[in-house]
2 protein chains.
Amino acid sequence: MDFSTRLRDHGLRVTRQRLAVLGVVDSHPHSSADAVAEKVRRDLPELSLQSVYNVLNDLTAFDLLRRFSPPHSPALYETRVGDNHHHAVCTRCGRVEDVDCAVGHAPCLTPSDSHGMTIQIADVLYQGICKDCAERSPGPAG
Amino acid sequence: MDFSTRLRDHGLRVTRQRLAVLGVVDSHPHSSADAVAEKVRRDLPELSLQSVYNVLNDLTAFDLLRRFSPPHSPALYETRVGDNHHHAVCTRCGRVEDVDCAVGHAPCLTPSDSHGMTIQIADVLYQGICKDCAERSPGPAG
DNA sequence: CCGCTTATTTTGAGTAAGTCAAGATAAGCA
DNA sequence: TGCTTATCTTGACTTACTCAAAATAAGCGG
């Protein structure tokens with residue numbers, strides 16, 4: 001299903017800016033707002049950063065995009081939604097990889113004591129050193 | 001073991017600012033830098049926000065504090081370190097609760113495919129609605 | 001207890017990542 | 001094709017943090 005159809009299915013107008021943002025995030029998963037703006041501007045030079053923030057936020061609200069906030073990083077966006085997958089982040093270079101969820105839907109884990117909260121999501125953030133960084137500077141993880 | 005001893009054990013000077021910050025974070029876990037500054041200033045009116053950031057960052061680097069970055073929130077700090085516990089966050093009010101780690105040390109989960117990364121930590125973020133928010137505005141989770 | 005060294009704090013400036021809102025533009029419908 | 005209104009651009013702003021020089025204070029040795 002293409003992006004135009006998905007937008008219309010949610011009662012959203014199909015704009016060049018939205019299609020461009022979705023296309024860039026689809027081909028470059030885990031992109032920041034700045035990175036998306038830079039790439040979209042190759043085709044739409046007049047696109048504003050404000051508009052990128054608007055589009056990313058609006059489409060995340062409608063589950064057309066997923067937002068992921070690793071520590072020490074701007075928010076990152078991806079089009080892979082609905083499968084509750086997790087992420088692995090390299091603590092040296094910031095590289096992000098998708099990790100399939102063993103269960104496939106949220107919440108995939110339940111806390112030992114939820115303190116009365118109704119849990120809806122369990123996000124797992126794996127942190128470590130990627131292969132490239134381990135090769136470049138073999139510290140204790142090498 | 002008190003904070004002075006822990007600071008000395010790490011070769012760090014024992015300053016009034018550090019002791020005050022540690023004390024506040026200990027009695028108010030999951031506090032932001034702003035919240036810490038506000039409380040410490042009741043005893044040390046001349047404490048600067050810059051100093052709070054310095055102390056929080058330095059003590060986190062030495063594992064005297066733990067930093068936790070929920071989405072849509074400034075970084076939060078706590079003195080509970082070393083047990084790899086997780087967190088549950090209310091998506092409406094931002095309330096944070098500790099959740100014990102079933103394993104007790106990192107990493108407590110391993111990814112199905114680590115993409116060549118050497119995984120060191122697995123942080124689980126549980127998100128949901130706390131009891132108070134559910135009672136106040138019973139949406140779909142009510 | 002005092003002086004010296006140097007880690008740390010304060011001060012002032014700045015950056016990065018985002019939000020707010022008014023006016024302009026363009027998507028879509030009749 | 002014209003009208004409505006969602007969305008974009010523009011300009012301003014806020015929040016959460018960092019940077020670095022000068023001042024201060026912690027701690028050690030004599």
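When reading the values below, keep in mind they use all heavy atoms of this one structure, side chains included, and skip hydrogens, waters and symmetry mates. So you know, we letter chains A, B, ... as the sequences are listed, proteins then strands, and number each from 1. Here the structure is a predicted model, which is why all the values come from computation and not from measurement.
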Item to complete: Step by step, work out the side chain to side chain donor-acceptor pair (under 3.5 Å) result for A:S51 and A:N54.
Response: CA-CA 5 Å; A:S51 186; A:N54 288 347; 5.4 Å; no

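Residues B:H85 and B:D98 bring a donor and an acceptor atom of their side chains to less than 3.5 Å of each other.
We find that CZ of B:F3 is positioned 18 Å from P of D:dA26, with the value rounded to whole Å. Atom CG in A:L44 sits about 13 Å away from atom C1' in D:dT9, given to the nearest Å.
Remark: A:Y77 OH to A:L65 CG distance equals 8.5 Å, nearest 0.5 Å. In this structure, CD1 in A:I121 is found 7.0 Å from OG1 in B:T91, a value given to the nearest 0.5 Å. The structure places CZ of A:F3 at 5.5 Å from OG1 of A:T79, a figure rounded to the nearest 0.5 Å. The distance from the CG atom of B:L64 to the CZ atom of B:R6 is 7.0 Å, given to the nearest 0.5 Å. A:I129 CD1 to A:C93 SG: the interatomic distance, rounded to the nearest 0.5 Å, is 8.5 Å. The distance from the CG atom of B:D123 to the NE2 atom of A:H86 is 12.5 Å, given to the nearest 0.5 Å.
Taking every heavy atom of residues 60-80 of chain A and every atom of DNA chain D, no pair lies under 4.0 Å. Of the residues in residues 9-28 of chain B, those lying under 4.0 Å from DNA chain C by heavy-atom distance are B:L12, B:R13, B:T15, B:Q17, B:R18. In the region residues 46-59 of chain B, proximity to DNA chain D at under 4.0 angstrom, judged on heavy atoms, holds for B:Q50, B:Y53, B:N57.
Other residues, nucleotides and ligands place no more than 12 heavy atoms under 6.0 Å from the CZ atom of A:R16.
Ring geometry, B:F68 versus B:H87: the interplanar angle falls under 30°, so the pair is classed parallel (tilted spans 30 to 60°).
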